[in-house]
**Student:** 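The structure that follows is given in the form of structure tokens.
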Number of protein chains: 2
Amino acid sequence: MAASTLTEVARLAGVSPATASRVLNGSARKPGQDIADRVRQAADSLGYIPNAQAQGLAKSSSGLIGLIVHDIADPYFAAIARGVQEAAREQGRMVLLATTAGAPGDEKEAVAAFAARRADSIVIAGSRSARTEDSKGNADLAAELDRYCRNGGQVAVVGHPVVGAAVTEGYHVVEVPNEELAASLASELAASRPDDDFVIIGGPDGLFTSDDRVRGFQQGLAEAGRPPAEVLRSSFNRAGGYEAGLTLAARIKAAGPGGKTGQGNGVHGKARGLCIFAVNDVMAIGAAAALRSEGLRIPRDATIAGFDDIETLRDFRPALSTVHLPLEDIGRIATRSAAGSAAAEADAAAAPSPPVTGRVTLRRSTEMAS
Amino acid sequence: MAASTLTEVARLAGVSPATASRVLNGSARKPGQDIADRVRQAADSLGYIPNAQAQGLAKSSSGLIGLIVHDIADPYFAAIARGVQEAAREQGRMVLLATTAGAPGDEKEAVAAFAARRADSIVIAGSRSARTEDSKGNADLAAELDRYCRNGGQVAVVGHPVVGAAVTEGYHVVEVPNEELAASLASELAASRPDDDFVIIGGPDGLFTSDDRVRGFQQGLAEAGRPPAEVLRSSFNRAGGYEAGLTLAARIKAAGPGGKTGQGNGVHGKARGLCIFAVNDVMAIGAAAALRSEGLRIPRDATIAGFDDIETLRDFRPALSTVHLPLEDIGRIATRSAAGSAAAEADAAAAPSPPVTGRVTLRRSTEMAS
DNA sequence: CTGATTCGGGAAAGCGCATTCCCACTGCAT
DNA sequence: ATGCAGTGGGAATGCGCTTTCCCGAATCAG
């Protein structure tokens, strides 16, 4: 028994397919009450389910939203995905998921696949990369997006625009003030940790999100009259944080065995502590785990801060200082800004994009030594 | 500029649409080399992207996999989703996401939507419910799945079968040995905590996953010669765990202020500790947070264990004793078992479904008191 | 009571592609 | 030279639905 079709419903109801279509799916023309009832009854007596593919083909629009993330199991992306999902539901659309591990080549393919499915809009979350080895991929991606937009697609990018993207029509960017927030974090940290040296654990060079946060942090430090922090680069995940954490642990132990009151490193008689800024929470957690595994305690032997304020990580102890980002809202905003209708564009003109605001959140992991 | 069509490509290449179709998409008949080249060249000079909707309509199959979860931001589901996504990629399909907060009514709608999109298969993760208020929704869901399967769809359910599902054709269940594993956990805990009383923090009555784990744990306790544990019911998330944790904290403090050596509660002169089993990690973390907020320490004032071994929570301290579940594999297995082909069915006959195995993992949170 | 409008319904033309059928042609054996 | 299968390409049909166009009937003004 194959799924029943509109034609069958129409026949059962004794009307034409055109009429059946008009009553079953929102059409401008409303058939008479009695006919409508007959059709509707026929429809659910047959268990009729409209074929979305055929509908899509006929009106060339699919009710699909494409979402591109690096990794859906990463809580950062999962949170954004939740927002996207919610907004999609509001719009009566479904979300199509693609994960790419951040490879622009894969992202290009994902965009092509979405385009093939005639997705109404595409949301790209996850940091853009400016690394030279990605430049080919980025160019391809930009071209693909270009084409997609020219064919009427709407795309929203979280964070940084895609490198080399030329179109403006239908291309939206949800700005995340990474740099400013990182600067604020730095300045608050500088104030609360007057005697600490700072070090940054960053992601790979060229990752915009990472680079912005590093730059902002350095700037905040400079404004507070602090010297620039050293930057350790590693991968943008827990493992990267852990690795960098091991390096730092060794250094801390070498500098002051048994605590920071060892053989005074610094011109003042007073020993200097170390404050670590990891460019995201997951890396911070990794670094913290590394320190702990080396017998170091936080915030006693070093202090640490992250970025994102991942919900699942809030129960981590010592509570992680970080910058809160409304991840779910970001997903929602991105999805809405790519909702692509005349109304939406009018709105967009009025409010180019509801600004994303974060908040520095200092917690126990950078608390003053008692 | 609308997206170019196969016909345009064919015209440019000077061949018929049929031929173009044959070269551009895997067809049994391979046109001649020269023609193939011409077509391919025409295709990418036009930036041709096949219209998946039309393809789907024509061959009635969409290359889509529907995934139903309660909440994509929940790390449990996010992990499963990752597995599903990977398997989908292997199969050259894309995943369509639906979140339902566990409401059978929403799940039914999601299935209908997937059916409308002619998804090749559907993976349902997330606990089934047997609560009476859900019985109507469950029946509807079962009916919808039934219809979907009869129309050739493949369904894989993680954990428990949908209540009332009648079809067998195309209906797969990935069994998760919740009960057995919970029993093992109980027996190991009983051995390592000989002097503890046990208490269980469960989800709402009627949630299969929760009920299975509760039942298994009780059984394990019984086999170890321990009396049944009291069961506290609350919601299946962190908040629920937190709430139950507060209740328990009050109880612990009342029983033995300042530690468990207070006014001896028990026939032996020796005070008894409390070992808490929360039916999932997230609840366990919530309960732990509640205890901590009440000034209690783990494992000193109480010990606690969870279930799932959520990756993001592994850095939690004290490290949480739990039951490891290969979440990602589960997603992968479910997706593969619903891959729905003759070959897959032959495989399925050979290996009904690659068994999911978990592992009791005792860590610091239930460590022997020193 | 007639002519100009609506109004409600049906017929039919695609949407973009896969696929079946058909045909012209080649190569081979007879 | 003639018949045969085999091969490679094109014409045409249909997937299920939307939508334009058309037409008969009903409504209204004059």
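When reading the values below, keep in mind they use all heavy atoms of this one structure, side chains included, and skip hydrogens, waters and symmetry mates. All chains are named by letter (A, B, ...) in the order of the sequence lines, taking the proteins before the strands, and each is independently numbered beginning at 1.
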**Student:** May I have the list of side-chain donor-acceptor pairs in residues 135-143 of chain B shorter than 3.5 Å, sequence neighbours left out?
**Tutor:**
unit_1, atom_1, unit_2, atom_2, d
B:Ser135, OG, B:Thr132, O, 2.9
B:Lys136, NZ, B:Asp140, OD2, 2.9
B:Asn138, ND2, B:Ser129, O, 2.7
B:Asn138, ND2, B:Asp134, O, 3.4

**Student:** In chain order, what residues pass the ring pair (Phe, Tyr, Trp, His ring centres under 6.0 Å) check against A:Phe208, with sequence neighbours excluded?
**Tutor:** A:His160
**Student:** How bent is the helix from C:dA4-D:dT27 to C:dT30-D:dA1, measuring the angle between the end axes built from five pairs each, rounded to 10°?
**Tutor:** 50°
**Student:** Atom CG of B:Leu46 and atom C1' of C:dC17: how far apart are they, to the nearest Å?
**Tutor:** 16 Å
**Student:** Contact class for A:Leu57 (heavy atom, under 4.0 Å): base, sugar-phosphate, or nothing?
**Tutor:** base
**Student:** Over how many whole Å does the gap from A:Asn51 atom CG to C:dG16 atom P extend?
**Tutor:** 16 Å
**Student:** Give one of base, sugar-phosphate or nothing for A:Thr5, where a contact means two heavy atoms less than 4.0 Å apart.
**Tutor:** sugar-phosphate
**Student:** Do any of residues 113-120 of chain A sit with a heavy atom less than 4.0 Å from DNA chain D, and if so which?
**Tutor:** none
**Student:** Whether A:Ser21 contacts D:dC17 is assessed here as follows: a side-chain N or O lying under 4.0 Å from the phosphate OP1 or OP2. Is that the case?
**Tutor:** no
**Student:** Roughly, in whole Å, what's the span from CG in B:Leu6 to P in D:dC15?
**Tutor:** 19 Å
**Student:** Does A:Ser62 use its side chain to pair, donor to acceptor, with the backbone of A:Arg118 at less than 3.5 Å?
**Tutor:** yes
**Student:** In whole Å, what is the span from the CD atom of B:Gln53 to the P atom of D:dG14?
**Tutor:** 22 Å
**Student:** Can you list every salt bridge (charged side-chain N to carboxylate O under 4.0 Å, His left out) pair that touches residues 58-74 of chain A, not counting sequence neighbours?
**Tutor:** A:Asp71-B:Arg82
**Student:** List, with names and distances, any nitrogen or oxygen atoms from the protein found under 3.5 Å away from nitrogen or oxygen atoms belonging to nucleotides 8-11 of chain D.
**Tutor:**
unit_1, atom_1, unit_2, atom_2, d
D:dG8, N7, B:Arg29, NH2, 3.4
D:dG9, OP2, B:Gly32, N, 3.0
D:dG9, N7, B:Arg29, NH2, 2.1
D:dG9, O6, B:Arg29, NH1, 2.6
D:dG9, O6, B:Arg29, NH2, 2.8
D:dG10, OP1, B:Ser16, N, 3.3
D:dG10, OP2, B:Ser16, N, 3.0
D:dG10, OP2, B:Ser16, OG, 3.0
D:dG10, OP2, B:Thr19, OG1, 2.3
D:dG10, N7, B:Arg22, NH2, 2.9
D:dG10, O6, B:Arg22, NH2, 3.2

**Student:** Using the side-chain heavy atoms of A:Lys59, tell me which of these nucleotides is nearest: D:dG14, D:dC17, D:dT19.
**Tutor:** D:dT19
**Student:** Identify, between A:Ala58 and B:Ser60, the residue whose nearest nucleotide on DNA chain D lies closer to the 5' end.
**Tutor:** B:Ser60
**Student:** List in chain and number order the residues that pass side-chain contact (heavy atoms from CB on, under 4.5 Å) with A:Ala43, two or more places apart in sequence or in another chain; answer none if no residue qualifies.
**Tutor:** A:Val9, A:Leu24, A:Tyr48
**Student:** Quick check on C:dC17: is either OP1 or OP2 less than 4.0 Å from any side-chain nitrogen or oxygen of B:Gln55?
**Tutor:** no
**Student:** If only atom types and distance count, is the side chain of B:Asp120 paired as donor or acceptor with the main-chain N or O of B:Gly63 below 3.5 Å?
**Tutor:** yes
**Student:** Assess whether atom CD of A:Glu90 is packed by more than 12 heavy atoms of other residues, nucleotides or ligands within 6.0 Å.
**Tutor:** yes
**Student:** Rounded to whole angstroms, how far apart are CZ on A:Arg38 and P on C:dG8?
**Tutor:** 15 Å
**Student:** Taking side-chain hydrogen bond (donor to acceptor under 3.5 Å, both in side chains) as the cut-off, I'd like each qualifying pair that reaches into residues 11-23 of chain B, sequence neighbours left out, listed once.
**Tutor:** B:Ser16-B:Thr19
**Student:** How would you list, by chain and number, every residue that makes a side-chain contact (heavy atoms from CB on, under 4.5 Å) with B:Ala78, sequence neighbours excluded?
**Tutor:** A:Ala78
**Student:** Mind checking ring pair (Phe, Tyr, Trp, His ring centres under 6.0 Å) for A:Tyr148 and listing every partner two or more places apart, or none if nothing turns up?
**Tutor:** none
**Student:** Under the salt bridge (charged side-chain N to carboxylate O under 4.0 Å, His left out) rule, what pairs show up with a residue in residues 33-52 of chain A, not counting sequence neighbours?
**Tutor:** none
**Student:** Table please: side-chain donor-acceptor pairs of residues 99-114 of chain A below 3.5 Å, with sequence neighbours left out.
**Tutor:**
unit_1, atom_1, unit_2, atom_2, d
A:Thr100, OG1, A:Val69, O, 3.4
A:Thr100, OG1, A:Gly102, N, 3.2
A:Glu107, OE1, A:Arg128, NH1, 3.0
A:Glu107, OE1, A:Arg128, NH2, 3.0
A:Glu107, OE2, A:Arg128, NH2, 2.9

**Student:** Expressed as a whole number of angstroms, how long is the span from A:Ile49:CD1 to D:dC15:P?
**Tutor:** 19 Å
**Student:** With respect to the phosphate group of D:dC17, does any side-chain polar atom (N or O) of A:Asn25 fall under 4.0 Å of OP1 or OP2?
**Tutor:** no
